There are 2 protein chains.
Amino acid sequence: MKCSAPTTTRGRPREFDPEEALTAALRVFWQRGYEGASMAELTEAMGITKPSLYACFGNKEALFKKALDLYERDKLAYVGKALEAATARGVAERLLEGAITTHCGGSDPHGCLGVMSTVTCTMEDPSIRNFVTERRIATEEALIERFERGKTEGDLPDTVDPRCLAQCLTTVLQGMSVKAQGGSCAQELKGVVDTYLTMWPGR
Amino acid sequence: MKCSAPTTTRGRPREFDPEEALTAALRVFWQRGYEGASMAELTEAMGITKPSLYACFGNKEALFKKALDLYERDKLAYVGKALEAATARGVAERLLEGAITTHCGGSDPHGCLGVMSTVTCTMEDPSIRNFVTERRIATEEALIERFERGKTEGDLPDTVDPRCLAQCLTTVLQGMSVKAQGGSCAQELKGVVDTYLTMWPGR
DNA sequence: CTACCTATATACCGACCGGTATGAAATGTT
DNA sequence: AACATTTCATACCGGTCGGTATATAGGTAG
């Protein structure tokens, strides 16, 4: 990978920090979407010129994938933590509250980059679409397995299908992202979460 | 409005049907989004040339608004019908099932044009964003009022807030649109709907 | 028929798109 | 000092974007 710092630095040293630049790029993609983010806007936010960007990150598509990686690692870390909750209900609570703070929080753009990409990249070239879809399916499968475990542990009634319950929860989470992007405030989403958790079956 | 047929037809008659053309434009917007739909693609799908489009519909933004009007009138007619159900649960059932057939149905593009526009037009000029937001809020308010009525009629427990319940339901509906656009099939959404309706409070 | 009006088709506009060629500047190596 | 290597800054590439000027074709009104 070209953007990783080689052990022996030959040639003119790079004048910017790739991680900082990638963080800036992530923010642009986050609020403009993949197509909506222009190279001009990206380079300006990253504080570098286009040739530097292409030399370090490849092209727009590769930059987006790296930004999405960073996004999942930093902003979606709460998902992994949520799966470690003691009960199925605890998992749902942590996911829903994490979604509020992450997608409706302080200085970051509202809404989920993954959801946004799912919606906008329906017709994009398959490379980037598959990249987004894989991540989504992976976390959903992890959630299903967690609820299957919860069912064996008595967290969920025998009547509920763990797969359907997991998909219902992700549906709510994705809907919350839409609402956040549409301008809903954290308080409004809090009401949705509380209502949904009241309806939640089991412990 | 220029595209309405005047009673006395002077000048060369138009060679296309504006409603048919608008239907074709709606389909393009539906699967490409507002920004993703190019004028070239639109004119080709509509079977007319660019000057004809501009003369009849104004510009891209005006065309999109007219298409969104048509969309709500034709494809979202089930929403108005759903509000006429006898009970709050009946309303939810009709909305959720209508969402499946509409957003995951046969020949039409998957997903909801309104949700898609909400997500993609976050940064668009305010004119089109407000246009989308107004529609969304209007239907949400109607749903809230319907659930408030349902609560007085005993459809809902005293413990639930009709506003929060309505917003929770719209969250699920919007999430279903995301899932449909992401490739989920009707059967998968059916599982979500069934699970959610099982959790539904009251009749 | 002539005058007038409107829709059509073609070609074009400046602006922006993602991406790159080019040459100078800055380092390590010899 | 001379060279190899890498980054930087500038200017530029063909293509597409939304939108339009222009001229012609097809109608009604008189």
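Everything numeric in this text was worked out from a predicted model, so none of it was measured. Letters A, B, ... are given to chains in the order of the sequence lines, protein chains preceding strands, and every chain is numbered from 1.
For dA7(C), the OP1/OP2 oxygens have a side-chain nitrogen or oxygen of Arg14(B) closer than 4.0 Å. Residue Ser52(B) has no polar side-chain atom (N or O) positioned under 4.0 Å from OP1 or OP2 of dA7(C).
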Protein-to-nucleotide contact annotation, 5' to 3' order, nucleotides 11-24 of chain C [B base; S sugar-phosphate only; - none; under 4.0 Å, heavy atom]:
------SBBBB---

Could you tabulate the donor-acceptor pairs under 3.5 Å formed by side-chain atoms of residues 196-203 of chain B, not counting sequence neighbours?
unit_1, atom_1, unit_2, atom_2, d
Thr198(B), OG1, Asp194(B), O, 2.8
Arg203(B), NE, Asp155(B), OD1, 2.8
Arg203(B), NH2, Glu153(B), O, 2.8
Arg203(B), NH2, Asp155(B), OD1, 3.4

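For Arg163(A), the side chain to side chain contact (heavy atoms under 4.5 Å, CB included) test picks out Glu141(A), Ile144(A), Asp161(A), Gln167(A), with sequence neighbours left out. Evaluation of the side chain to side chain contact (heavy atoms under 4.5 Å, CB included) rule for Met46(B) yields Ala21(B), Ala24(B), Ala25(B), Leu42(B), Ile48(B), Leu53(B), Phe57(B), Leu63(B) as partners, not counting sequence neighbours. For Asp69(B), the side chain to side chain contact (heavy atoms under 4.5 Å, CB included) test picks out Arg73(B), Phe131(B), Arg135(B), with sequence neighbours left out.
Screening residues 23-46 of chain A for salt bridge (charged side-chain N to carboxylate O under 4.0 Å, His left out) gives Arg27(A)-Asp108(A), Arg32(A)-Glu41(A) as the qualifying pairs, with residues at least two apart or on separate chains. Among residues at least two apart or in separate chains, salt bridge (charged side-chain N to carboxylate O under 4.0 Å, His left out) pairs with a member in residues 50-62 of chain A are Glu61(A)-Lys65(A). Applying the side-chain hydrogen bond (donor to acceptor under 3.5 Å, both in side chains) rule to pairs touching residues 88-102 of chain B yields nothing, sequence neighbours excluded.
For the pair Phe64(B) CZ and dC17(D) P, the interatomic distance rounds to 18 Å; values are reported in whole Å. As a whole-Å value, the separation of Glu15(B) CD from dT24(D) P is 18 Å. Spacing between atom CZ of Arg10(B) and atom P of dA7(C) amounts to 12 Å, rounded to whole angstrom units. Rounded to an integer number of Å, the gap from Glu44(A) CD to dA9(D) C1' is 16 Å. Spacing between atom CG of Leu63(B) and atom C1' of dG19(D) amounts to 14 Å, rounded to whole angstrom units. The nearest whole Å value for the distance from the CG atom in Leu42(B) to the C1' atom in dT16(D) is 14 Å.
At least one cation-pi condition fails for Arg149(B) and Phe147(B): the charged atom is not both under 6.0 angstrom from the six-membered ring centre and inside a 45 degree cone around its axis.
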Convert the base pairs of DNA chain C into dot-bracket notation, remembering that pairs crossing earlier ones are written with [ ] and that bases paired across to another strand are shown as |; include only Watson-Crick or G-U pairs under 3.5 Å.
||||||||||||||||||||||||||||||

Run Glu140(A) and Lys179(B) through salt bridge (Lys or Arg N to Asp or Glu O under 4.0 Å) and show every step you take.
CA-CA 12 Å; Glu140(A) 192 150 63; Lys179(B) 273 194 161 17; 3.1 Å; yes

